[in-house]
Asks: 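Input: one structure, supplied below.
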Amino acid sequence: MKAIVLFGSPGSGKGTQAKLLRSCLGVPHISTGDMLRDRLLHGNSLGTAVQATMQAGSLVADEVVNRLVRDRLSQPDAAAGFILDGYPRTRAQAETLRKWLEGRGICELVIHLAVDYNVIIARLAGRRQCPRCGTLYNVVSQPPKRDELCDLDGERLVVRDDDRESVIRERLEAYEQQTWPVLEFYRSIGAPVVKVEDTGEGPDAVARRICQALDDSSKNGC
Ligand code: AMP
């Protein structure tokens, strides 16, 4: 039973890697960004409350996100392990998660996806999403078969509100200021942190290196 924490800046490929890992490990992919967007889309009170914060590229309050994650991790499908994408994003979230996992004897493996800053900017600016099914594309590296239309349902693709240029800067700033200390927290408590560099060889090659790191950590008893 393991908690895999995918750590990295916006645009580092956490979502893509989580989906690849989910299909090979068979454990759920838990993305706080997706959970919040889902609530926003369905117009519930939580979604409405966090809308402005998300559109500005800032972080939603720790208590709100911690509660969402705690409820999600208590679902039966997470009993054999899970992949966290976009959480924890502050030191306070990391401490909350640690307490929750410790109480259940679950160890964390942190995978730090390290990607060049210029690549990140290009990825985020080229990103498109299907508003109906959520599939992500990139106009340069992963274009849809037909211009601006989703391959799966033909819906016209959109630029996510928080992928606009000014908001991208805000999100990267939030990452530097609030999320980077999470890595220091993990190092300070001696949790395993594996750095996986994405040097442009494509998502499958990165996924293979993550799987190797997971194998190694299992041999070391986690
Ligand atoms: P993401 O799709 O992971 O980039 O998340 C999109 C947005 O959701 C972020 O810019 C934040 O506004 C919010 N968000 C997602 N995860 C968290 C988190 N762990 N803590 C606070 N805000 C979050």
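Just so you know, residue 1 is the first one in the sequence shown, and it goes up from there. Whatever order the structure lists them in is the order used to number ligands and atoms, beginning at 1.
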Asks: When you measure from atom 14 (N) of ligand 1 to every protein heavy atom, which one gives the shortest distance, and what is it?
Replies: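 For atom 14 (N) of ligand 1, the nearest protein heavy atom comes out as Leu36 CD1, 3.5 Å.
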Asks: Return the closest protein heavy atom for atom 6 (C) of ligand 1 as residue, atom name and distance.
Replies: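 Answer, as residue, atom name and distance: Arg37 NH1, 3.5 Å.
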Asks: Would you give the length of the straight line joining atom CD of Gln177 to atom OG of Ser58, rounded to the nearest 0.5 angstrom?
Replies: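 Reported value, rounded in 0.5 Å steps: 12.0 Å.
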Asks: Which atoms of ligand 1 have any heavy atom of Arg171 under 4.0 Å away?
Replies: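 Per the distance check, 4 (O).
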Asks: Heavy-atom contacts with Thr32 under 4.0 Å: which atoms of ligand 1 show up? List them by number with element.
Replies: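 Result: 15 (C), 16 (N), 17 (C), 19 (N).
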Asks: Side chains of Pro88 and Val5: does their closest heavy-atom pair fall under 4.5 Å?
Replies: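 In short, these two side chains touch, coming nearer than 4.5 Å.
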Asks: Return the closest protein heavy atom for atom 22 (N) of ligand 1 as residue, atom name and distance.
Replies: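 Here the closest protein heavy atom is Val60 N, 3.0 Å.
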Asks: Using a 6.0 Å cut-off, check whether atom CZ of Arg146 has over 12 heavy atoms from anything other than its own residue.
Replies: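 Atom CZ in Arg146 is not crowded, with 12 or fewer foreign heavy atoms closer than 6.0 Å.
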Asks: For Asp162, take its heavy atoms, then give the atoms of ligand 1 lying under 4.0 Å from any of them.
Replies: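 With Asp162 as reference, the close atoms of ligand 1 come out as 6 (C).
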Asks: Cation-pi check for Trp100 against Arg104: NZ or CZ below 6.0 Å from the six-membered ring centre and within 45 degrees of the axis, yes or no?
Replies: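 Satisfied, under 6.0 Å and within 45°.
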Asks: Would you check if Met35 and Ile30 make a side-chain contact, meaning some heavy-atom pair closer than 4.5 Å?
Replies: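 Counting from C-beta outward, Met35 and Ile30 do come under 4.5 Å.
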Asks: Near Ser58, which atoms of ligand 1 are under 4.0 Å from a heavy atom of that residue?
Replies: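 Here the atoms of ligand 1 in question are 11 (C), 12 (O).
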Asks: Evaluate the side-chain proximity of Pro10 to Ile168: yes if any heavy-atom separation is below 4.5 Å, no if none is.
Replies: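 Of all side-chain heavy-atom pairs linking Pro10 with Ile168, none is under 4.5 Å.
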Asks: How does Val65 reach ligand 1, by side chain, by backbone, by both or by neither, if only non-hydrogen atoms under 4.0 Å count?
Replies: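 Just the side chain.
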Asks: To the nearest 0.5 Å, what is the distance between CZ on Arg72 and CZ on Phe82?
Replies: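 The distance works out to 10.0 Å.
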Asks: Nearest protein heavy-atom contact for atom 20 (N) of ligand 1: which residue, which atom, what distance?
Replies: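 Atom 20 (N) of ligand 1 sits closest to the protein heavy atom Gln93 NE2, 2.9 Å.
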Asks: Counting heavy atoms only, which of Arg160, Arg89, Lys14 is nearest atom 3 (O) of ligand 1?
Replies: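 Selected option, by shortest heavy-atom distance: Arg89.
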Asks: Could you pull out, from Met35, Met54, Gln51, the option with a heavy atom nearest to atom 7 (C) of ligand 1?
Replies: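 Looking at heavy atoms only, the winner is Met54.
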Asks: With under 30° as parallel and over 60° as perpendicular, where do the rings of Tyr175 and Phe7 fit, or are they tilted in between?
Replies: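 Tyr175 vs Phe7 ring planes: tilted.
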